[in-house]
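Positions are given from 1 along the sequence. One-based numbering, in listed order, for ligands and for the atoms of each. Side chains included, hydrogens not; waters and symmetry mates left out as well; all remaining heavy atoms used.
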Amino acid sequence: MSISFKEKLIEKKVSNVKKVIMVCSGKGGVGKSTVSYALAKAISENGKRVGLLDLDIHGPVEQLFFKVKKGFSGSKEGLKPIFSDGLKVMSLGFLSKDEPIPIKGKYKEEILENLFSEVMWGDLDFLIVDMPPGVSDELFLVSRTLSKKLVAVVVTTPSLLSLSVVRRMIKLLHQEKVKVVGIIENLSYFTCRCGEQVKPFGEGVEELEGEKVIGKLPIDPKLEEALVFSKKIENASIFWSSIKKIAVEVVEEIETYFS
Ligand SMILES: Nc1ncnc2c1ncn2[C@@H]1O[C@H](COP(=O)(O)OP(=O)(O)O)[C@@H](O)[C@H]1O
Ligand SMILES: [Mg+2]
């Protein structure tokens, strides 16, 4: 398949990005955006240069995690991502705020392509892409255009509903020849005051379609307050300490894969 002019532009704009981590699931509401942001922050705190792209253009939320309220700026060369919290960030949510984003058809395709071809990411070790639920244009755009430097982290909950959708997503990633770094099981358990571990969504799995679960994230009742109101994810210490360990494993796995 010949490569289009737009695809060449995208390749050029991310030429100084070493690796792209697509955080996907197929299922909505399982914690993709939360995990994307938390992974980005944990990896950058370990000394890496990290960017975060919110590709859920109908329901962007990444803007809520940052103190910055202004939109991004542009010049003839392209759009400058927002720099906040040690991360370069791009989300349509910085522009749309509380307004709906009714985009469809060709226009949607164009916006998606522009989000890649126009944004000046500069030098990055990792670009983390927060994917929308489902399997559609976004996934194919990313897997087709960035295949040489792309890996996927798959997010699920232990529920059978989530696992059945995620199973199909992994099969598709295999078909698209996207390397799956691992599965993160979110909302896995919470620990009661009495010390007992409760698993409200089921026991979960250790692997799915040959891909291993690299970490299980607890339900942390402090998470939303920490992310959206105080904007200090460290305040959700139960979640934060778990994702920090997973972030180290994700980076090690990627480095081994590409070495
Ligand atoms: N481990 C967790 N503990 C508590 N709340 C969580 C956890 N993970 C996600 N959430 C909450 O679940 C909701 C959905 O998460 P989100 O990241 O937006 O999912 P998705 O991007 O998959 O739609 C958010 O309100 C988020 O704060
Ligand atoms: Mg999301």
Side-chain angles (χ1 to χ4, degrees), residues 21-42 52-66 85 87 89-94 96 98 100-101 103 108 112 115 127-139 142 152-159 161-170 173 182-192 197-202 204 213-247 250:
I21 307 175
M22 169 165 80
V23 177
C24 54
S25 172
K27 193 97 177 90
V30 293
K32 294 178 296 300
S33 300
T34 308
V35 167
S36 298
Y37 167 73
L39 267 186
K41 177 122 171 98
L52 178 61
L53 171 62
D54 189 346
L55 212 55
D56 191 350
I57 61 171
H58 294 292
V61 295
E62 296 291 351
Q63 77 284 358
L64 297 172
F65 307 150
F66 295 88
D85 215 6
L87 302 170
V89 194
M90 176 55 72
S91 170
L92 282 187
F94 286 113
S96 67
D98 291 333
I101 314 177
I103 313 168
K108 176 176 173 182
L112 281 176
L115 269 175
L127 174 63
I128 296 186
V129 185
D130 176 13
M131 298 295 286
V135 173
S136 66
D137 303 3
E138 293 84 344
L139 189 122
V142 177
V153 166
V154 180
V155 183
T156 185
T157 73
S159 90
L161 269 65
S162 176
L163 290 170
S164 79
V165 175
V166 166
R167 185 186 290 283
R168 287 198 291 268
M169 163 65 87
I170 295 174
L173 292 171
I183 301 165
I184 297 180
E185 191 184 280
N186 189 25
L187 302 169
S188 287
Y189 61 91
F190 71 89
T191 311
C192 295
Q197 219 178 65
V198 182
K199 296 181 174 174
F201 302 117
V213 172
I214 51 167
K216 301 206 172 199
L217 288 166
I219 297 168
D220 188 336
K222 292 193 178 152
L223 188 56
E224 192 151 275
E225 201 289 324
L227 279 172
V228 182
F229 296 101
S230 56
K231 303 199 196 296
K232 276 194 177 151
I233 193 171
E234 310 86 276
N235 289 355
S237 54
I238 306 173
F239 181 87
W240 182 232
S241 59
S242 300
I243 193 96
K244 277 201 292 187
K245 286 186 203 133
I246 295 175
V250 166

Practice problem: Check whether the side chains of Ser33 and Asp130 place a donor and an acceptor atom closer than 3.5 Å, and report yes or no. | Solution: yes
Practice problem: Compare Ile219, Asn186, Thr34 and give the one whose heavy atom is closest to atom 8 (N) of ligand 1. | Solution: Asn186
Quiz item: Considering only protein heavy atoms, which is closest to atom 27 (O) of ligand 1, and at what distance to one decimal place?
Solution: Glu224 OE1, 3.2 Å
Quiz item: With atoms numbered from 1 as shown, which atoms in ligand 1 lie under 4.0 angstrom from a non-hydrogen atom of Phe239?
Solution: 1 (N)
Quiz item: Which of the atoms of ligand 1 are close to Ser33, meaning less than 4.0 Å from one of its heavy atoms?
Solution: 17 (O), 21 (O)
Quiz item: Within less than 2.8 Å of the Mg ion (ligand 2), any N, O or S from Ser33?
Solution: yes
Quiz prompt | Any donor-acceptor pair under 3.5 Å from Ser241 side chain to Ser237 backbone | solution = yes
Quiz item: Is there at least one pair of N or O atoms, one from Lys32 and one from ligand 1, spaced under 3.5 Å apart?
Solution: yes
Self-check item: For ligand 1, the portion of Pro218 having any non-hydrogen atom under 4.0 Å away
Solution: backbone
Quiz item: Taking NZ, NE, NH1 and NH2 as the nitrogens, is one of them in Lys108 or Glu138 under 4.0 Å from a carboxylate oxygen of the other?
Solution: yes
Quiz item: Under 4.0 angstrom from atom 3 (N) of ligand 1, is there any protein heavy atom?
Solution: yes
Quiz prompt | ligand 1 N/O within reach of Gly31 N/O, cut-off under 3.5 Å | solution = yes
Quiz item: Do ligand 1 and Gly29 have nitrogen or oxygen atoms that lie under 3.5 Å from each other?
Solution: yes
Quiz item: Looking at the rings of Tyr37 and Phe66, which for Trp means the six-membered one, are their centres under 6.0 Å apart?
Solution: yes
Quiz item: Can you tell me which residue and heavy atom of the protein come closest to atom 10 (N) of ligand 1, and the distance to 0.1 Å?
Solution: Leu223 CD2, 4.1 Å
Quiz item: Checking side-chain contact (heavy atoms from CB on, under 4.5 Å) for the pair Leu173/Val154: CA distance, chi angles, key distance, verdict?
Solution: CA-CA 10 Å; Leu173 292 171; Val154 180; 3.8 Å; yes
Quiz item: Once you round to the nearest 0.5 Å, how far does OG1 of Thr156 lie from CE of Met169?
Solution: 11.0 Å
Quiz item: Could an N or O of ligand 1 be found under 3.5 Å from any N or O of Gly28, whether backbone or side chain?
Solution: no
Quiz item: If you draw a 6.0 Å radius around NZ in Lys231, do more than 12 non-hydrogen atoms from other residues or ligands fall strictly inside?
Solution: yes
Quiz item: Only one of Ser36, Pro60, Pro132 clears side-chain contact (heavy atoms from CB on, under 4.5 Å) with Asp54; which?
Solution: Pro60
